[in-house]
Amino acid sequence: MNKYDSELVAGILSGHGYRLTRERGDADIILINSCGVRLHAENRALSDIDQMLAWKRRRAGRVVGLLGCLPPLIGEDLFERHPGLDFALGPDSYHRLPDLLNAAAAGGLKSGILIDDHSHETYGDLVPLRETGVRAWVAVSRGCDNSCSYCMVPLARGGVRNRPVDEIIREVETIIAEGYPEVVLLGQNVNAYAADGTGFAGLLRKVAAVPGLKRVRFMTSHPKDLDDDLIEALSEGGAICPDLHLPVQSGSDRILEAMNRGYTRAAYLNLVGKLHDKVPGIALSTDAIVGFPGETEADFNDTLSLFDEVGYASGFVFRFSPRPRTEAAGLKNDVPDEVKTNRLMKLNEALSASRTRQHSGLVGKTVEVLVEGSSPRHPDQVIGRSREGFMVALPSDDLHPGDIAAAEVEGTSGFTLLAEQVKTAVL
Ligand code: SAM
Ligand code: SF4
């Protein structure tokens, strides 16, 4: 979502005559888009601010602003901790940027302006300045109505706002006209999408039916809101890819309850069973948190065994990080760091083993690859993703970004499937 927000900001500014540069030396303005989900991300953004303030001091007239989740999370303290920071804007206030920057250019911007406006903003009127490539991101909603006890997202981004169906479809049509073959629908919990009498499965089908679209994926799906209709939509194929990010967070009922996730281990595994039955070959991925307050060895082993049982294609594991004003920040952060690290390593090993099992199961099979570009390490090869989301490398001198090729998997290397193009295959 943060990457998409940067594209929105670039869209706003390019519409006001600003030009994006990748060279810091050429820039007059630096905007830092911050994430506050974990302390580590916060610290990285705060250290970026200090580095950019040093850059600002080297020439008069330079401007440094902070965007994203940290402004609402930290508030006015930001300016005491980082004197010289010109302004800080929360994630719903990006439309205010041109005025702030014009004021700065006219020398009329007093330092230390915090704008944290939880408006009804959805940025529906805006054209993001997208990265080139084969994949375009489209937000279907902003904010989140859940209250996972560890999570600062609702505090920083506010409650959910769904974009109207027509607006999303028009954006997808524009994206296809610009030449992107794949769309990723984004929301903190897309499964709770509801607008104009349409739920997420309905929206997904409408997006998949837009002429010219080759592939559609989505994230993130909250397990408590994953309904049979969405599983059905996933089974229908076409442009809808058999690829689902379904964060479990923990395999222990006790911890799931303390996290306020709204489902049990059994309910989650029941969903996984239905998904495997209805969508053969679906690739599931997850997020998990280790060392949540009170997590015992037995709780952790429940997560480890759930990982083994599900057999994820990929996942992200995080050490619990207490975030200000969340419910879990009030609990005793009682799992020692070294225990968290050890649990994180074990879950990553389980992920690596299940990925290897899935990769090995694909050897000898034909997958459909959407080519993304040439391989950075092997210029005679192209890389792309299969419908399930696996990275695939294959030798070719006539495939280009956006092409779809059939490829037979011959082996694996780390995170990548090694394949040969099957020119006779009909896709
Ligand atoms: N809305 C999505 C969801 O429900 O999964 C994504 C939320 S968050 C941006 C991405 C991941 O960060 C979460 O799935 C969770 O695993 C992790 N996370 C969130 N808060 C955390 C915290 N306080 N400590 C450690 N990990 C956290
Ligand atoms: Fe955070 Fe939970 Fe909302 Fe995801 S669903 S953004 S983890 S509160």
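We count ligands from 1, going down the list as the structure has it; atoms in each ligand are counted the same way. The first residue of the sequence shown is numbered 1, and numbering continues consecutively from there.
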Say whether V37 and ligand 1 are in contact under the criterion: heavy-atom distance to a ligand atom below 4.0 Å.
-> yes
Where the side chain of E121 meets the backbone of Y123, is there a donor-acceptor pair that is under 3.5 Å apart?
-> yes
Where is the nearest protein heavy atom to atom 22 (C) of ligand 1: which residue, which atom, and how far?
-> S321 O, 3.5 Å
Just heavy atoms, cut-off under 4.0 Å: does Q188 contact ligand 1 by side chain, backbone, both, or neither?
-> both
Do T220 and H245 have side-chain atoms, one donor and one acceptor, less than 3.5 Å apart?
-> no
Residue and atom name of the nearest protein heavy atom (relative to atom 1 (Fe) of ligand 2), distance in Å to one decimal = C151 SG, 2.3 Å
Whether C148 has an N, O or S atom under 2.8 Å from atom 1 (Fe) of ligand 2 = no
Return the residue, atom name and 0.1 Å-rounded distance of the protein heavy atom closest to atom 4 (Fe) of ligand 2.
-> Q188 O, 4.3 Å
Indicate yes or no for a side-chain donor-acceptor contact from R142 to the backbone of R161 under 3.5 Å, with no hydrogens or angles considered.
-> no
N191 versus D227, side-chain donor and acceptor atoms under 3.5 Å = no
For H222, is at least one N or O under 3.5 Å away from an N or O on ligand 1?
-> no
Look only at interatomic distance and state if N189 has a nitrogen or oxygen under 3.5 Å from any nitrogen or oxygen of ligand 1.
-> no
Which ligand 1 atoms does R323 reach within 4.0 Å, using its non-hydrogen atoms?
-> 23 (N)
Judged by modelled atom types alone, do E388 and S386 share a side-chain donor-acceptor pair under 3.5 Å?
-> yes
Under a 4.0 Å heavy-atom limit, does V153 contact ligand 2 with its side chain, its backbone, both, or neither?
-> side chain
Exercise: do N301 and K346 side chains pair donor with acceptor under 3.5 Å = no
Among all protein heavy atoms, pick the one closest to atom 5 (S) of ligand 2 and tell me residue, atom and distance.
-> N146 ND2, 3.4 Å
If you have a sec, work out which protein heavy atom is nearest atom 15 (C) of ligand 1 and how many Å separate them, to one decimal?
-> Q249 OE1, 3.5 Å
What residue and atom, counting heavy atoms only, is the protein's closest point to atom 7 (S) of ligand 2, and at what distance?
-> Y150 OH, 3.4 Å
Sub-4.0 Å atoms of ligand 2 with respect to non-hydrogen atoms of H222 | 5 (S)
Closest approach of any protein heavy atom to atom 20 (N) of ligand 1, naming residue and atom = Y150 CD1, 3.2 Å
Any R261 heavy atom less than 4.0 Å from ligand 1 | yes
T174 side chain to R170 backbone, donor-acceptor under 3.5 Å = yes
Atoms in ligand 1 flagged as close to T220, the criterion being non-hydrogen separation under 4.0 Å = 2 (C), 3 (C), 5 (O)
Under 3.5 Å: donor-acceptor pair, side chain of S250, backbone of I255 | no
With heavy atoms only and a cut-off of under 4.0 Å, state how F318 meets ligand 1: side chain, backbone, both or neither.
-> side chain
Top protein contact for atom 3 (Fe) of ligand 2, by heavy-atom distance | C144 SG, 2.3 Å
Judged by heavy atoms only, the candidate from T326, D287, T286, L39 nearest atom 10 (C) of ligand 1 is D287
Any heavy atom of M1 sitting closer than 4.0 Å to ligand 1?
-> no
Before accepting this row, confirm whether a basic side-chain N of the pair D26/R19 lies closer than 4.0 Å to the acidic partner's carboxylate O.
-> no
Relative to the heavy atoms of P154, which atoms of ligand 2 are at a distance of less than 4.0 Å?
-> 8 (S)
Side-chain contact test, heavy atoms from C-beta onward, threshold under 4.5 Å: evaluate it for V216 versus L185 and give yes or no.
-> yes
Between K56 and D86, does at least one N-O distance fall below 4.0 Å, as a salt bridge requires?
-> yes
Would you check if V172 and E167 make a side-chain contact, meaning some heavy-atom pair closer than 4.5 Å?
-> no
Under 3.5 Å, is there a donor-acceptor pair linking the side chains of R319 and T341?
-> yes
Which of the numbered atoms in ligand 1 are below 4.0 angstrom from a heavy atom of R38?
-> 12 (O), 17 (C), 18 (N), 24 (N), 25 (C), 26 (N), 27 (C)
Under 6.0 Å from the CD atom of E257, do we count more than 12 heavy atoms belonging to anything else shown?
-> no
Atoms of ligand 1, numbered as shown, that sit under 4.0 Å from any heavy atom of P247 | 5 (O)
R319 heavy atoms, cut-off 4.0 Å: which ligand 1 atoms fall inside?
-> 24 (N), 25 (C)
Donor-acceptor pair between N260 and S147 side chains, under 3.5 angstrom | yes
